Amino acid sequence: MGKRGKKHREPQGRRGGDASDDDDILPSSAYDVPPPTNDREHQESESGEEQEEGNDDGGRAWAAAAPSKFHLYQLSVQSPKGDISYMQKFFLMYVGGRFPLHLQEDFCGTALLSCEWLCSDPRRTAIGVDLDLEALNWCLENNLNKVGGDGCSRISLLHGNVLRPQEACVVKHQVEDLVKDLALCDKNGASEAVTTNERDDSEVQGCFTNASMKIDALPNRDIVCAFNYSCCCLQKRKDLVLYFKHAFNALSKKGGIFVMDLYGGASSECKLRLRRRFSNFTYVWEQAEFDIINRRTKISLHFHLGKQRIIRHAFSYDWRLWSLPEIKDCLEEAGFQSIHVWIRKMPDTTDIQNSGEFTVGRDVKYEKVASFQQQDAWNAYIVGVANV
Ligand SMILES: C[S@@+](CC[C@H](N)C(=O)[O-])C[C@H]1O[C@@H](n2cnc3c(N)ncnc32)[C@H](O)[C@@H]1O
C-alpha cells in the first residue's frame, strides 16, 4: 500500500454524459503539498517520537476509536473516481468501439478502486490481485460490503504474486454473504464452516491453496491497472517485463489497455518529508535518501492521531524508482503496440506557500506529452495499448 499523498477530490460541476467528460474529477498525486502551515517540515523529537499534530478533541475521540491503518490510508492517499475517469478516457481514446467493463487491479491492496469500479456500472466486473492477505480481507469486510447488490458476485480477489498470477488463489468468489460462515475445504477435502473472525491468516492461506478458481478461468480484461506506484515494488528489469507480459496477456483480444502511474522530479531523488493535515489526523510521507546507483528509495507512511496514537511506519516500501523511458521500453518488450505518457506538474515541494493545489488545482489536468522538461515534482499516467 502507499502513495506519497494522493487525495480524493469530489468533482464540482461534473458534467454528465460520456466518460471522457469525467476527467474533471482530478486525481491528485504523490506530490500534492498540504496547505501552508509553519511546521510542514516536521521534526522528530530526540526520543525519536513524532511530535503531536495538534488534533482537536474530536481527533482524540477518533484516535481512541482506533481506526484501521487501511482506513487512514484510503482517506489520505486514494482517489479511485479520478483514476477510473482517466482510465475510461484512455480506453475510449486508444481502443474505443465499446465501453470498458472488465478491470484487473494488480497490487490492489484493499481494492478500493475495484469496488468503486463495480459501483460505477452494474455490468462491471473486477479482479484484484495482491500479496497482502490482510489487506484483501480488510477489503471484504470494509469495502466490498459497501458495494451492495450483486457486488460480491462481480469481483474476484486473488491472493498471490503478480509475477505468478496462475498460482494466485481466490480469497472469496461469488459469495452471497460476506459475514456469514464460509465453507472452506479441510485437508481431507471435506467442508467445514469457519467464520471470518475465527480464521487466522495461516489457516486461510492453507485452505485457499485448494481453491479451484484461478485467474486464467476469468474473462479477459478491458483494462489492467497498477496504481500508487506499485510497479516500483518490482526491482529487477526482467521482473518488470514479466509482469507487463502477464498484464498484456490478461487483456481482451478485442483490444485493451494497461495503465500505471509513476512519480518523479528532482524532489523524488532526495530525502523529504511531506505532511497533510486532515480534520482528525495527519498523514506523513517520509522519503529516505535516494540511491542513484540502484535508483532505490525507501518510503514510510505514518499517521498521527494526536498524542493518543501515532502509527509510525504504517506502510513501508523499498522501491526502485523507474524512469519513464525504462517503463516505456519494458512495455514495448512485453508486446504493447503503443505507449502514451500523460503527465502533470505538481506543486513544488520546496515552496511552502504553494498550496494552490487544494484550491485552484482542479483545472490542472494530465496532458499527453511527447517530451517534458524536468520539474521539482511530476506525476504521470503511462498507458500501454494492446490493439486488436
Ligand atoms: C503501494 S501499494 C498500492 C496499493 C493500491 N494499489 C493503491 O492504489 O493504493 C502496493 C501494493 O502492492 C502489493 N504488492 C507488492 N508486491 C507485490 C507482488 N509482487 N504481487 C502482488 N502484490 C504485490 C503490496 O502488498 C501492496 O498492497
Side-chain angles (χ1 to χ4, degrees), residues 1-8 27-30 32 68-84 86-87 103-117 126-140 142-143 155-171 201 205 215 223-247 250 258-263 268 283 285-287 297-301 303 313-322 379 381-382:
M1 309 285 294
K3 189 145 192 168
R4 193 169 164 181
K6 193 166 186 177
K7 182 178 183 304
H8 173 77
S28 62
S29 78
D32 281 358
S68 146
K69 67 173 186 175
F70 295 118
H71 184 54
L72 295 168
Y73 174 91
Q74 290 189 171
L75 289 173
S76 316
V77 168
Q78 293 191 282
S79 53
K81 282 193 169 74
D83 289 329
I84 288 172
Y86 269 100
M87 288 196 296
L103 173 74
Q104 179 169 319
E105 182 187 8
D106 286 332
F107 307 93
C108 67
T110 59
L112 182 66
L113 179 72
S114 292
C115 292
E116 186 66 40
W117 178 261
I127 298 168
V129 184
D130 203 284
L131 276 177
D132 184 352
L133 194 56
E134 187 190 358
L136 296 170
N137 279 328
W138 196 89
C139 170
L140 294 174
N142 299 277
N143 287 340
I155 191 169
S156 302
L157 289 179
L158 295 160
H159 177 225
N161 190 332
V162 297
L163 296 176
R164 295 189 295 280
Q166 311 83 347
E167 295 170 17
C169 291
V170 172
V171 174
D201 276 8
Q205 206 162 345
I215 201 163
I223 301 174
V224 176
C225 68
F227 284 136
N228 276 335
Y229 320 132
S230 295
C231 288
C232 296
C233 296
L234 305 177
Q235 308 215 339
K236 294 185 185 148
R237 190 182 188 282
K238 70 174 175 46
D239 285 345
L240 192 64
V241 174
L242 177 64
Y243 167 61
F244 289 162
K245 283 182 179 165
H246 287 312
F258 168 74
V259 188
M260 61 173 279
D261 60 359
L262 193 69
Y263 71 97
S268 68
Y283 161 78
W285 162 286
E286 185 179 15
Q287 190 173 291
T297 183
K298 286 199 164 62
I299 306 295
S300 291
L301 307 186
F303 298 105
H313 304 286
F315 299 95
S316 301
Y317 311 104
D318 182 358
W319 279 344
R320 171 162 177 181
L321 191 56
W322 296 97
N379 212 68
Y381 282 119
I382 303 150

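All ligand and atom numbering here is 1-based and tracks the order in the structure. Note that the structure is a prediction, hence the values are computed from the model and not measured.
Counted by atom type alone, N143 and Q74 present one or more donor-acceptor pairs between their side chains at under 3.5 Å.
Under a 4.0 angstrom heavy-atom cut-off, V77 registers as lying outside contact with ligand 1. For the ligand labelled ligand 1, residue G160 lies inside the 4.0 Å heavy-atom shell. Residue contact check for ligand 1: S230 places a non-hydrogen atom closer than 4.0 Å to it.
The closest donor-acceptor contact from the side chain of H159 to the backbone of V170 lies at 3.5 Å or more, if one exists at all. Looking at E116, its side chain never comes within 3.5 Å of a backbone N or O of P80 through a donor-acceptor pair.
Residue V162 places at least one N or O, backbone or side chain, under 3.5 Å from an N or O of ligand 1.
Which parts of ligand 1 touch Y73 is read off a 4.0 Å heavy-atom cut-off, strictly below it: atoms 3 (C), 4 (C), 7 (C), 9 (O). Against a heavy-atom cut-off of under 4.0 Å, G109 is close to the following atoms of ligand 1: 27 (O). Against a heavy-atom cut-off of under 4.0 Å, F227 is close to the following atoms of ligand 1: 3 (C), 6 (N), 8 (O). For ligand 1, the atoms closer than 4.0 angstrom to any heavy atom of W319 are 1 (C).
Taking the six-membered ring for Trp and thresholds of 30 and 60 degrees, Y243 and F258 have ring planes more than 60 degrees apart, a perpendicular arrangement. Taking the six-membered ring where the residue is Trp, F227 and Y381 present perpendicular rings, their angle passing 60° and hence far from 30°. Using cut-offs of 30° and 60° on the angle between ring planes, the pair W285 and W319 is tilted.
Ranked by closest heavy atom to atom 6 (N) of ligand 1, the top entry among F107, F315, Y243 is F107. Which of L131, D130, L112 comes nearest to atom 17 (C) of ligand 1 through a heavy atom is settled by distance: it is L131.
The heavy-atom pair separating V224 from D106 by the smallest distance is CG1-OD2, 3.4 Å.
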